[in-house]
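Structure, as structure tokens:
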Amino acid sequence: MPGQVREQVSEWTELMQLAVAGDNAAYHRLLRAIAPVLRATTQRGLARAGQPTDSSEDIVQEILLAVHLKRHTWDRTAPFGPWLFAIARNKLIDALRRRGRRVFVDIDEFADVLPGEPEKETASAREVDQHLAGLPEKQRDVVRSIAVDSVSIKETAARLAMSEGAVRVALHRGLASLAAKLKGN
Amino acid sequence: MKTDDLIRTLAADSDWRSTATGSALLIALVAAAPISLAIFLMALGVRPDFTSATHNPFFDLKFAVTLALAISAILVVLPLSRPGTPLGARAWLLLVPVALLAVGIAFDLSMPQSTTWSARMVGSNSRVCLSAIPAMALPLLVASLIGLRQGAATRPALSGAVAGLMSGGLAATVYAAHCTDDSPLFVATWYSIGIAGLTAVGAAAGSRVLRI
């Protein structure tokens, strides 16, 4: 692993430890830090499998959802990198299989990827939006309000005449249903 | 949706409380155990000479083998639910029941016996064994797969297969109290066939329901 990447990965571990301890800003930073690495890796994985890279952002978003929903399986005494790359590799292989390819991706291929230049335009993908429409009404409204309209949980609660707790529950369930739909369940 | 928007939304979902995979597995097994026990009590029951049978080391060995299988499978399936956790030496734990059984077979074959080894292997309960172990194990397998969904299996078929071994081991532990065939040769043959079937079912089911 090149030194720069090793340093970056140990920074991720620290951010994740802060996140587990309840530091939400650290968690937000961590997700933003891993996204470009996941993007670069996914694009490379798709290219190697001879697949067009235009769907890479869908896969990146699927990985991010899986990372989020399975974050409790990370052992806080373990480095964050291997955990992240195992999930990313798994999701990428799954995505390639769905496209009819059987491909094996070496974990090391993830480890030595340096994040590319920060993209000028924010990357966007379609699949999440498509599945969002199929969610139960309450989950869909809450996820849309927070994700698309950038409204806070508190304001979303007022807007939809729900309690904050109910908004949080609907948000979590909505994200879980989105992840399930993305993997084709 | 923009990835940045998704990330902001994920960060807003800030509840980190979550059941550990081990606890979820335990709860699921405890919930399903009464079903398996009911099958045992209604269809099989403890063999009449249970108390005197406990003096027979081959009878006791059956429990040692099946329990070792169940426990080692639990110890293997939990790290399999944590992405990026190398299994390492833990995988060898699954050989403990195999080794116990091998030692038992060596003793069985080296001791003077009143029946031939083939008669002991064929036994008289093979059909019951082949149906009882899977029947009692299936509720446990379904439950354990539900529990393991709490984890993140990056090798879902393997996780499902080990869940099959675990539920087979647990069911066989209970079944052993009914079965009057105590020869390790019988256990190695018929218990193994039933548990192998469960392992295959577990692998097939796991590759579907345990994907993260």
Side-chain angles (χ1 to χ4, degrees), chain A residues 19-22 24-25 27-32 35 39 57 60-61 64-75 78-87 89-91 94 107 122-129 132 143 146-148 150 152-153 168-169 171-172 174-175 179 183-185, chain B residues 1-27 74-88 90 145-160 162-163 204-212:
Chain A
V20 175
N24 229 29
Y27 184 57
H28 198 170
R29 262 173 62 206
L30 173 68
L31 292 178
R32 273 187 308 202
R39 185 171 299 125
E57 206 58 25
V60 170
Q61 295 191 357
L64 286 168
L65 265 167
V67 162
H68 177 70
L69 294 169
K70 293 299 179 188
R71 59 200 162 154
H72 59 275
T73 67
W74 176 64
D75 173 0
F80 182 71
W83 180 87
L84 172 70
F85 295 136
I87 291 182
R89 174 178 173 272
N90 190 266
K91 281 298 189 187
D94 240 27
I107 289 182
T122 325
S124 184
R126 277 160 300 142
E127 272 181 29
V128 168
D129 291 311
L132 195 51
V143 175
I146 293 164
V148 184
S150 302
S152 71
I153 287 191
R168 288 180 191 280
V169 169
L171 173 62
H172 186 78
L175 293 171
K183 70 177 173 182
N185 277 2
Chain B
M1 184 182 290
K2 288 178 189 159
T3 301
D4 283 349
D5 286 336
L6 178 69
I7 287 175
R8 196 173 32 74
T9 310
L10 297 180
D13 179 26
S14 55
D15 189 354
W16 284 71
R17 280 171 302 171
S18 199
T19 315
T21 313
S23 315
L25 178 62
L26 183 69
I27 292 166
I74 290 174
L75 293 176
V76 167
V77 84
L78 289 178
L80 281 175
S81 305
R82 274 185 190 277
T85 308
L87 206 48
R90 280 204 188 198
L145 290 173
I146 294 171
L148 287 173
R149 278 171 66 93
Q150 178 70 13
T154 46
R155 283 180 282 179
L158 180 61
S159 288
V162 179
S207 69
R208 286 178 180 84
V209 303
L210 293 182
R211 281 169 50 224
I212 48 173

If I measure from the heavy atoms of chain A, does [X] come under 4.5 Å with its side chain, its backbone, both, or neither?
| X | answer |
| --- | --- |
| B:Ser81 | backbone |
| B:Leu6 | side chain |
| B:Thr19 | backbone |

Pick one of side chain, backbone, both or neither for [X], based on which atoms fall under 4.5 Å of a heavy atom in chain B.
| X | result |
| --- | --- |
| A:Val20 | both |
| A:Ile153 | side chain |
| A:Ala25 | neither |
| A:Ala35 | side chain |
| A:Leu30 | neither |
| A:Ser150 | both |
| A:Leu175 | side chain |
| A:Asp94 | side chain |

What distance do [X] atom [atom1] and [Y] atom [atom2] have between them, rounded to the nearest 0.5 Å?
| X | Y | atom1 | atom2 | value |
| --- | --- | --- | --- | --- |
| B:Ile7 | A:Tyr27 | CD1 | OH | 9.5 Å |
| B:Ser14 | A:His28 | OG | NE2 | 12.5 Å |
| B:Arg82 | A:His72 | CZ | NE2 | 9.0 Å |
| B:Leu10 | A:Ile146 | CG | CD1 | 11.0 Å |

Review point. Looking at A:Leu171, A:Val128, A:Val143, which makes the most heavy-atom pairs under 4.5 Å with chain B?
Key: A:Leu171
Revision key, fill the gap. On a heavy-atom basis, the closest approach of A:Gln61 and B:Lys2 is NE2-C, 3.7 Å
Exercise for review: Work out which heavy atom in A:Lys183 is nearest to a heavy atom in B:Arg211; give both atom names and the distance.
Suggested key: NZ-O, 2.6 Å
Exercise for review: Determine, for A:Arg168 against B:Asp15, whether the closest basic-nitrogen to carboxylate-oxygen distance falls under 4.0 angstrom.
Suggested key: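 Not counted as a salt bridge, because no side-chain N and carboxylate O are separated by less than 4.0 Å.
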Review point. Do other residues, nucleotides or ligands put more than 12 heavy atoms under 6.0 Å from the CZ atom of B:Arg8?
Key: yes
Exercise for review: I would like to know whether B:Ile212 and A:Asn90 meet side-chain contact (heavy atoms from CB on, under 4.5 Å); could you show each step before the answer?
Suggested key: CA-CA 8 Å; B:Ile212 48 173; A:Asn90 190 266; 3.3 Å; yes
Check your understanding: Going by distance alone, is a donor N or O of one side chain under 3.5 Å from an acceptor N or O of the other, for B:Asp13 and A:His68?
Key -> yes
